[in-house]
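Written out below as structure tokens is the structure these notes cover.
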2 protein chains.
Amino acid sequence: MNNELQPIGVFDSGIGGLSALRHMMDVMPDRRFVYLGDTARVPYGNKSADTVTTYARQCASFLLSHNVCMIVVACNTASAVALDLLTHEVTVPVVGVIDPAAAQAAFVTKNGRIGVIGTRATIGSGAYEVAIVRHAAGRNVQITSQPCPLFVPLVEEGWLDHPATELIAREYLRPLQDAGVDTLVLGCTHYPLLKPLLARLMPGVTLVDSGECAAHTACSLMTSSSIQSDLGERLTVYLTDGAPQFRPMAEVFLGRTVATPSIVSLDTHTTLGT
Amino acid sequence: MNNELQPIGVFDSGIGGLSALRHMMDVMPDRRFVYLGDTARVPYGNKSADTVTTYARQCASFLLSHNVCMIVVACNTASAVALDLLTHEVTVPVVGVIDPAAAQAAFVTKNGRIGVIGTRATIGSGAYEVAIVRHAAGRNVQITSQPCPLFVPLVEEGWLDHPATELIAREYLRPLQDAGVDTLVLGCTHYPLLKPLLARLMPGVTLVDSGECAAHTACSLMTSSSIQSDLGERLTVYLTDGAPQFRPMAEVFLGRTVATPSIVSLDTHTTLGT
């Protein structure tokens with residue numbers, strides 16, 4: 001097996017992970033990527049850890065069957081609940097979005113007050129708290145977490161600066177403002193599209209983009225391990241459902257045009273470990 | 001096989017169909033019900049017709065394995081795209097939510113101007129237009145349809161009368177107000193929870209609850225066919241995912257306490273016709 005010919009595999013519950021892939025394609029311009037969006041079962045953020053773990057294992061299995069040299073879990077929910085298990089089950093390196101963002105947040109905060117926003121499942125897992133405290137390495141940090149379940153559907157509607165989105169954001173962000181955070185982790189790959197609004201509502205606060213942080217971690221791992229993909233077709237996109245509204249939104253997330261995605265079923269794929 | 005011992009099977013993408021089941025339990029107090037909510041893959045409304053059809057067939061197959069005497073598709077999206085196929089494939093009567101609501105809307109409208117709100121998939125299917133025109137039986141009707149994709153997540157957040165919900169509802173309803181509709185079909189089983197808000201924003205407009213209409217159709221079919229369920233445990237609920245937020249919301253939809261649902265996998269079930 002020649003690592004130089006292998007693409008990097010990236011998966012997400014849907015198209016949100018394309019916002020992370022965008023950074024990966026920027027920082028690793030000589031790499032090839034295979035992206036899987038589980039659009040037939042999107043979203044993951046309102047589902048249980050057991051179900052998300054099952055789905056994540058199926059996604060990883062699908063990517064491995066495409067001979068990837070690394071798997072990036074570009075979904076905060078799946079990273080929160082399934083990363084440890086995937087890391088043990090998969091023989092290639094696995095990079096999640098939570099640890100890199102937690103490290104960045106612990107690094108950039110000045111007053112030690114860090115806010116985390118994400119889906120109900122991500123926030124409920126407590127994964128960010130654990131990771132931030134670990135990276136703070138004994139420094140005193142105060143973490144305020146807030147589930148923002150309406151942000152994903154609002155972003156998917158394209159209502160990025162709609163008055164309703166602002167009204168909802170003001171309500172979600174109030175506890176973080178009250179806590180005086182100077183750093184806010186966008187713990188969902190949909191949220192970077194809300195950056196202009198969030199920056200306006202949280203002036204002076206550093207926004208940490210989990211997908212961007214993961215892209216840098218994946219890049220450094222590629223370099224240090226000398227894992228290289230070949231330079232053929234740069235991006236292949238697979239989705240598990242082909243609803244027409246995904247295509248235009250995918251291009252907003254990725255910041256590039258997307259070739260027609262292939263629609264695949266994960267049911268026929270052997271789940272890892274079974 | 002003794003029909004009198006068989007329950008009525010009801011399925012939905014999630015817990016929204018409980019708002020239809022509520023009416024069924026009211027109008028058929030001597031019936032037993034098996035409810036399946038496909039919470040592991042909720043929602044259906046943003047997915048393609050192919051995917052929703054696959055899921056609907058798996059749900060119907062699961063209910064048939066529980067020996068139901070009738071299947072009520074308490075999901076507008078699944079009714080819109082999969083009802084004809086299910087009706088052909090299944091040997092028990094199949095009742096959807098669209099035809100009963102279309103019949104009611106065509107019956108109650110005075111000015112012939114009917115509004116329909118639903119998910120993107122339901123509205124995109126055009127199923128309500130076809131059914132309403134058929135039930136209008138030559139009378140002139142003007143139908144204005146509006147997808148309202150944010151209503152489901154807002155209802156699931158419990159933001160039934162939140163200022164953001166009102167702001168979003170005003171935007172969604174404007175074309176229906178402009179069209180002068182006197183009848184509004186709530187073409188999604190989540191929407192009945194928004195009735196107080198919708199009634200306030202659409203004064204004088206008759207709201208047609210698709211789940212309530214389907215309950216009456218199912219009831220009349222049971223009587224006319226002399227199909228009867230036994231009088232054991234009244235309701236058994238199965239979900240495909242057990243996320244903790246579903247339970248309290250389920251009781252709001254059903255208007256009754258719900259026994260702990262059993263969590264099941266549909267993957268092991270043979271899909272109809274395969």
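Just the heavy atoms: all of them, side chains too, but no hydrogens, waters or symmetry mates, feed the values below. Note on naming: letters A, B, ... go to the chains in the order of the sequence lines (proteins, then strands), and numbering restarts at 1 for each one.
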Please find the pair of heavy atoms, one from B:Ala243 and one from A:Asn46, that lie closest to each other, and give the distance.
CB-O, 3.4 Å

Using heavy-atom distances under 4.5 Å, tell me whether A:Leu154 contacts chain B through its side chain, its backbone, both, or neither.
both

Which bit of A:Glu171 is near chain B, if near means a heavy-atom gap under 4.5 Å: side chain, backbone, both or neither?
side chain

For chain B, the option from A:Asp38, A:Val42, A:Asp50, A:Thr39 that forms the most heavy-atom pairs under 4.5 Å:
A:Val42

So which heavy atom on A:Ile168 is nearest to which on B:Trp159, and how close?
CG1-CZ3, 3.5 Å

Heavy-atom proximity to chain B below 4.5 Å, by part of A:Thr165:
neither

Where on A:Tyr55 is there a heavy atom nearer than 4.5 Å to chain B: the side chain, the backbone, both, or neither?
side chain

Reported CZ-to-CG distance for the pair A:Arg41 and B:Asp241, which is rounded to 0.5 angstrom
11.5 Å

Please flag which part of A:Pro163 lies under 4.5 Å from any non-hydrogen atom of chain B: side chain, backbone, both or neither.
both

The single option from B:Glu157, B:Glu156, B:His162 that satisfies side chain to side chain contact (heavy atoms under 4.5 Å, CB included) with A:Leu150 is B:Glu157

